[in-house]
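Because only heavy atoms are used, hydrogens play no part in the values below, and waters and symmetry mates are left out as well, while side chains stay in.
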Amino acid sequence: EEHGYEWGTPWHWDAITSTAGVTVTVWDTNADDRLKVTLDLFLPADRAALRITPHLENPTGAAIDYKFWSNAALAPGATNKPTEGLEFLFNAKEMSIHSTGDNRLPGASPIVPDGPNYRISWPVYNQVDFSRLGNWHEWAGFFEYPQAAENFVGVYDHNQNAGVMRIFPRHVARGVKGFGYGWENAIPWSLWSDEDSGGVEVHGGVATTFWDTARLEAGTVLSWTETWYPIRNIDGVSDATEEAVLYVFEQQGKVQVDVHTILSLSL
C-alpha cells in the first residue's frame, strides 16, 4: 500500500524535441485489462521548470479502485543533502501522522497508525516548529489534513538559499505528504548511499492519504498538469503559481515584496 508496484516494473519511453522544448513521455503498459499510466514530462525552452502531466486510464469495462502517488526526493543547494535549515512549505493548519520515531509526536512508533487519527497543529506543535528539519529528532511522515490546503507545496533550505516548488490542482491531486529521515537522531544516509547524500520527500496523490483509495470509472481517463521548479534567494513563500513565487513581509515598518519568476527575462 505504501510503496506500490509501479516503481519496480519496466517502463517505456519516447522523446520529442521542438522549438517549444523537450517532451519525454513514459508509460507503464499497453495492456487493456488493467489501469495504465502515461506521464508527459515537458521541459519548456523559455522557463526554468518541469511540467508533469499524468494520464490515468481505465480501458476495462468495470470501475477500478486504485492508489496513485508520485514522490520526489529533494536536497536543494550544493551539499547533496538537506541541512538543519530546511523548511517544509506546507499549508494546512493540521497534519496527520503517517509514521514517526519522534516520541514528541502522537502516533509515534511502535504505534502504526491505520488512518488520519494522530494529528498535530502546523507548523508549531507543543511549541516546536516541525516545519524546520533541524527541530526534528527522528524520522516523520505526515499528510496535509484533511487534504491539500493550497495549490502549492515545496521545500526551502535557508542555509543553502535554495528550494523547490510543486504547483498542482488540489481539487484533483488532493493528497500531499512530506517525509524526512530526522535530524538529531536521523536514519543514517549510509543505509542507502555510499556518498553521504540524502534528501527529504514531497509526495502528491489523487486520494488524500495512503490509507484512502480513488476510483476510476470504466473507459475514463483522469489527467492534470503540475509544475515543478527551483527557487533561490527568497526567504519565504506567501503564494505561488506555475509562473512565479511571491513573498510579502514587513521590514522596518514597510511592506516588502520578493518575487521569483521561472521566466527567461531580457531586460
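Checked against the 6.0 Å centroid criterion, the rings of Phe130 and Phe88 do not qualify as a close aromatic pair. Taking the centre of each ring, Tyr145 and Phe143 stay at or above the 6.0 Å mark.
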Would you mind writing out the side-chain donor-acceptor pairs for residues 173-185 within the sub-3.5 Å range, not counting sequence neighbours?
{"unit_1": "Tyr181", "atom_1": "OH", "unit_2": "Glu201", "atom_2": "OE2", "d": "3.1"}
{"unit_1": "Asn185", "atom_1": "ND2", "unit_2": "Glu138", "atom_2": "OE2", "d": "3.4"}

For residues 236-245, tabulate all N or O donor-acceptor pairs below 3.5 Å that involve a side-chain atom, not counting sequence neighbours.
{"unit_1": "Ser238", "atom_1": "OG", "unit_2": "Val248", "atom_2": "N", "d": "2.9"}
{"unit_1": "Thr241", "atom_1": "OG1", "unit_2": "Glu243", "atom_2": "N", "d": "3.1"}
{"unit_1": "Thr241", "atom_1": "OG1", "unit_2": "Ala244", "atom_2": "N", "d": "3.3"}
{"unit_1": "Glu243", "atom_1": "OE1", "unit_2": "Arg47", "atom_2": "NE", "d": "3.0"}
{"unit_1": "Glu243", "atom_1": "OE2", "unit_2": "Arg47", "atom_2": "NE", "d": "3.3"}

For a quick test of your reading: what N or O donor-acceptor pairs under 3.5 Å do the side chains of residues 31-44 make, sequence neighbours left out?
{"unit_1": "Arg34", "atom_1": "NH2", "unit_2": "Asp28", "atom_2": "OD2", "d": "2.9"}
{"unit_1": "Asp40", "atom_1": "OD1", "unit_2": "Thr25", "atom_2": "OG1", "d": "2.8"}
{"unit_1": "Asp40", "atom_1": "OD2", "unit_2": "His55", "atom_2": "NE2", "d": "2.8"}

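Judged purely by atom type and a 3.5 angstrom limit, Thr9 uses its side chain to pair as donor or acceptor with the backbone of Glu6. Within the 3.5 Å criterion, the main-chain N or O of Ala62 finds a donor-acceptor partner in the side chain of Asn58. Checked by atom type and distance alone, the side chain of Gln160 pairs as donor or acceptor with a backbone atom of Ala78 at under 3.5 Å. Between the Tyr156 side chain and the Ile234 main chain, a donor and an acceptor come within less than 3.5 Å of each other. In this structure a side-chain-to-backbone donor-acceptor pair under 3.5 Å is missing from Gln251 to Gln256. Not one N or O on the side chain of Asn91 forms a donor-acceptor pair closer than 3.5 Å with the backbone of Glu150.
For Trp122, there are no side-chain hydrogen bond (donor to acceptor under 3.5 Å, both in side chains) partners at least two apart in sequence or on another chain. For Thr225, the side-chain hydrogen bond (donor to acceptor under 3.5 Å, both in side chains) partners are Thr53, not counting sequence neighbours. Every ring-ring contact (aromatic ring centres under 6.0 Å, His included) that Trp27 has, sequence neighbours left out, goes to His12.
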Full working for side-chain hydrogen bond (donor to acceptor under 3.5 Å, both in side chains) between Asp102 and Thr100
CA-CA 5 Å; Asp102 194 329; Thr100 183; 5.4 Å; no

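Using cut-offs of 30° and 60° for the angle between ring planes, the His203 and Phe210 rings count as perpendicular. Note on ring orientation: taking the six-membered ring where Trp is involved, the planes of Trp192 and Trp189 are perpendicular (angle over 60°, cut-offs 30° and 60°).
Between Arg132 and Glu84 there is no salt bridge, since no side-chain nitrogen of the basic residue lies less than 4.0 Å from a carboxylate oxygen of the acidic one.
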